[in-house]
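Order of listing sets the numbers, starting from 1, for every ligand and every atom in it. By convention here, the first residue in the shown sequence is residue 1.
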Amino acid sequence: METSEDPMRIEAEIKLDYKDVLLRPKRSSLKSRAEIELNRKFTFCHSDKTWEGIPIIAANMDHTGTFRIATELAKNGMMGAISKFHDVESWKKFHNKHPEVINNCFVSAGLVENDFNTLNAVMKDIPCPFICLDVANGYTESFVEYVSRVREAFPDHIIMAGNVVTGEMTEQLILSGADIVKVGIGPGSVCTTRHKTGIGYPQLSAVIECADAAHGLHGHVCADGGCTKPGDVAKAFAAGADFVMLGGMLAGHDESEGEIVEKDGKKFKEFYGMSSRDAMHKHKGTVADYRASEGKTVLVPYRGPLQTTVQEILGGVRSTCTYVGAVNLKALPKCATFIRVTSQANEIFT
Ligand code: 5GP
């Protein structure tokens with residue numbers, strides 16, 4: 001029976017976003033940021049495969065989850081999660097030309113049966129080591145069962161699964177077969193989940209808590225969404241993320257999907273969320289009447305070649321490591337101390 005003394009269910013501890021913190025600089029013996037090694041070598045808790053490279057992944061969205069972006073990022077040892085709308089024929093065509101890129105790619109799949117069929121078909125022919133099981137809400141029993149089913153079907157592959165934002169569900173997904181848990185509900189640049197549903201978790205705290213839970217089981221986490229600048233990528237790694245996934249930061253370039261649009265003499269490229277009205281119209285023909293779109297469409301200022309942004313990101317993270325005395329990316333979380341702040345930067349001339 002409800003009584004007036006029932007406590008409100010409010011967690012009083014403040015949860016933080018990237019914008020709420022900065023990293024404290026520390027005395028260090030590092031001479032130059034050129035010394036900093038961003039490559040990481042991973043072994044995984046289920047898969048017996050190992051992987052080495054820079055663990056930054058292009059999001060499996062229409063504009064960034066493409067072979068073209070993956071190829072460009074692979075030049076730097078980075079990764080691409082190819083969107084689930086690429087069929088086995090397009091994988092085969094790509095693989096014949098770029099076997100070296102495939103090792104840094106994820107094959108993506110959602111929860112519907114057709115995705116599982118495509119995943120099976122692609123995995124039969126393409127030696128891609130990574131699978132990305134991606135749903136908006138990683139908290140359902142059916143998703144947990146699906147992760148187990150995919151683990152059974154692909155015992156040797158590296159499976160990333162998500163999205164979740166809390167430790168207990170991170171543990172559940174790892175125990176069900178995920179090697180990497182994808183963390184983030186609502187932080188994305190074109191996401192409207194928090195507006196539409198009121199659900200979410202500040203991303204820095206989500207990454208810290210999920211990384212702690214995952215690492216306790218020898219699993220890994222991927223911080224997905226919410227990075228708006230190189231400093232945010234550095235904060236995600238410093239918070240314990242093993243991988244960082246980027247959508248908006250990689251949109252708007254020559255290599256990103258979408259036509260250039262001119263408006264008031266300025267160039268832009270379109271970018272939309274995968275649960276947006278535009279994405280649903282493109283892939284399903286309509287927005288089903290029982291659901292609201294949880295993404296939006298934006299025009300991103302055109303930014304030229306992707307390599308310019310990649311250099312800024314990698315240069316930024318190297319510099320972060322130098323400031324806190326981390327000899328390599330792996331050492332960054334151990335060397336990092338976050339300070340809570342009330343403002344980030346001087347915005348007078350923006
Ligand atoms: P960004 O780097 O742009 O901040 O975030 C990218 C991430 O946003 C993606 O990897 C994915 O997890 C998430 N995302 C992409 N499209 C949508 C959408 O339409 N709705 C929601 N809620 N999240 C999205």
Side-chain angles (χ1 to χ4, degrees), residues 17-19 55-66 69-70 73 78-85 106 108-111 130 132-139 143 160-165 180-204 206-207 210 221-233 235-237 241 243-253 256-258 269-284 287-288 291-301 303 306 309-310 313:
D17 256 314
Y18 299 132
K19 68 163 180 42
I56 298 177
I57 314 167
N60 48 321
M61 301 169 72
D62 280 357
H63 300 88
T64 55
T66 64
I69 294 267
L73 293 182
M78 294 156 71
M79 314 178 84
I82 306 299
S83 99
K84 66 178 186 177
F85 300 106
F106 287 77
S108 305
L111 196 49
F130 292 95
C132 170
L133 300 179
D134 186 24
V135 294
N137 174 6
Y139 282 77
F143 184 62
M160 176 161 79
N163 281 21
V164 299
V165 284
I180 308 165
V181 172
K182 200 147 69 75
V183 176
I185 294 187
S189 58
V190 281
C191 165
T192 58
T193 294
R194 292 179 185 176
H195 289 298
K196 291 282 167 72
T197 67
I199 301 286
Y201 210 97
Q203 184 68 352
L204 181 89
V207 172
C210 294
V221 292
C222 171
D224 175 21
C227 290
T228 60
K229 36 182 112 58
D232 294 341
V233 179
K235 288 173 190 175
F237 282 125
F243 296 81
V244 176
M245 181 174 263
L246 304 176
M249 281 183 73
L250 305 181
H253 296 89
S256 326
E257 275 305 294
K269 273 191 144 185
E270 196 179 72
F271 179 53
Y272 55 72
M274 295 309 289
S275 302
S276 66
R277 192 164 284 278
D278 280 328
M280 286 195 253
H281 273 288
K282 174 160 187 212
H283 297 296
K284 302 198 172 77
V287 180
R291 62 183 295 179
S293 76
E294 288 183 25
K296 62 184 173 187
T297 300
V298 296
L299 287 177
V300 178
R303 288 187 274 185
L306 186 60
T309 297
V310 166
I313 296 170

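- In terms of protein heavy-atom proximity, atom 17 (C) of ligand 1 is closest to M274 N, 3.5 Å.
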Just do the side chain to side chain contact (heavy atoms under 4.5 Å, CB included) check on D62 and H283 with the steps written out, would you?
CA-CA 10 Å; D62 280 357; H283 297 296; 2.7 Å; yes
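- In terms of protein heavy-atom proximity, atom 5 (O) of ligand 1 is nearest to G225 CA, 3.3 Å.
- Distances between N or O atoms of G248 and those of ligand 1 include at least one value under 3.5 Å.
- Using a 4.5 Å heavy-atom threshold, the side chains of L306 and L73 count as touching.
- Counting atoms of ligand 1 from 1 in the listed order, those under 4.0 Å from a heavy atom of M245 are 10 (O).
- Atom 20 (N) of ligand 1 is flagged as protein-proximal [any protein heavy atom, distance under 4.0 Å].
- Counting the atoms of ligand 1 from 1 in the order shown, those under 4.0 Å from a heavy atom of S276 are 19 (O).
- Looking at S108, its side chain does come within 3.5 Å of a backbone N or O of I82 through a donor-acceptor pair.
- Looking at L246, D224, V183, it is D224 that brings a heavy atom closest to atom 12 (O) of ligand 1.
- Nearest protein heavy-atom contact of atom 14 (N) of ligand 1 is M61 CE, 4.6 Å.
- The heavy atom nearest to atom 24 (C) of ligand 1, out of those in A223, C132, G226, C191, is found in C191.
- In this structure, CZ on F143 lies 7.5 Å from CG on D134, to the nearest 0.5 angstrom.
- The two residues I199 and R194 have their closest heavy-atom pair at O-CG, 3.1 Å.
- Of the N or O atoms in E294, one or more lie within a sub-3.5 Å distance of an N or O in ligand 1.
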Would V190 and T297 count as a side chain to side chain contact (heavy atoms under 4.5 Å, CB included) here? Give the steps.
CA-CA 7 Å; V190 281; T297 300; over 6 Å; no
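- With respect to atom 3 (O) of ligand 1, the closest heavy atom belonging to the protein is S189 OG, 2.6 Å.
- With K269 contributing its side chain and A251 its backbone, the two residues share no donor-acceptor pair below 3.5 Å.
- Near A59, the atoms of ligand 1 lying under 4.0 angstrom from a non-hydrogen atom of the residue are 10 (O).
- Closest to atom 8 (O) of ligand 1, if we only count protein heavy atoms, is G188 CA, 3.8 Å.
- Inter-residue side-chain proximity for Q203 and D232 is flagged as unmet; no heavy-atom pair is nearer than 4.5 Å.
- Here's the thing with S275: one of its N/O atoms is less than 3.5 angstrom from an N/O atom of ligand 1.
- Protein heavy atom nearest atom 2 (O) of ligand 1, with residue, atom name and distance: G247 N, 2.8 Å.
- Proximity of a side-chain donor or acceptor of N137 to a complementary backbone N or O of Y139 within less than 3.5 Å is detected.
- Remark: ligand 1 and K296 share no N or O pair separated by less than 3.5 Å (distance only, no angle test).
- Residues F130 and M79 form a side-chain contact, since some pair of their non-hydrogen atoms from C-beta on lies under 4.5 Å apart.
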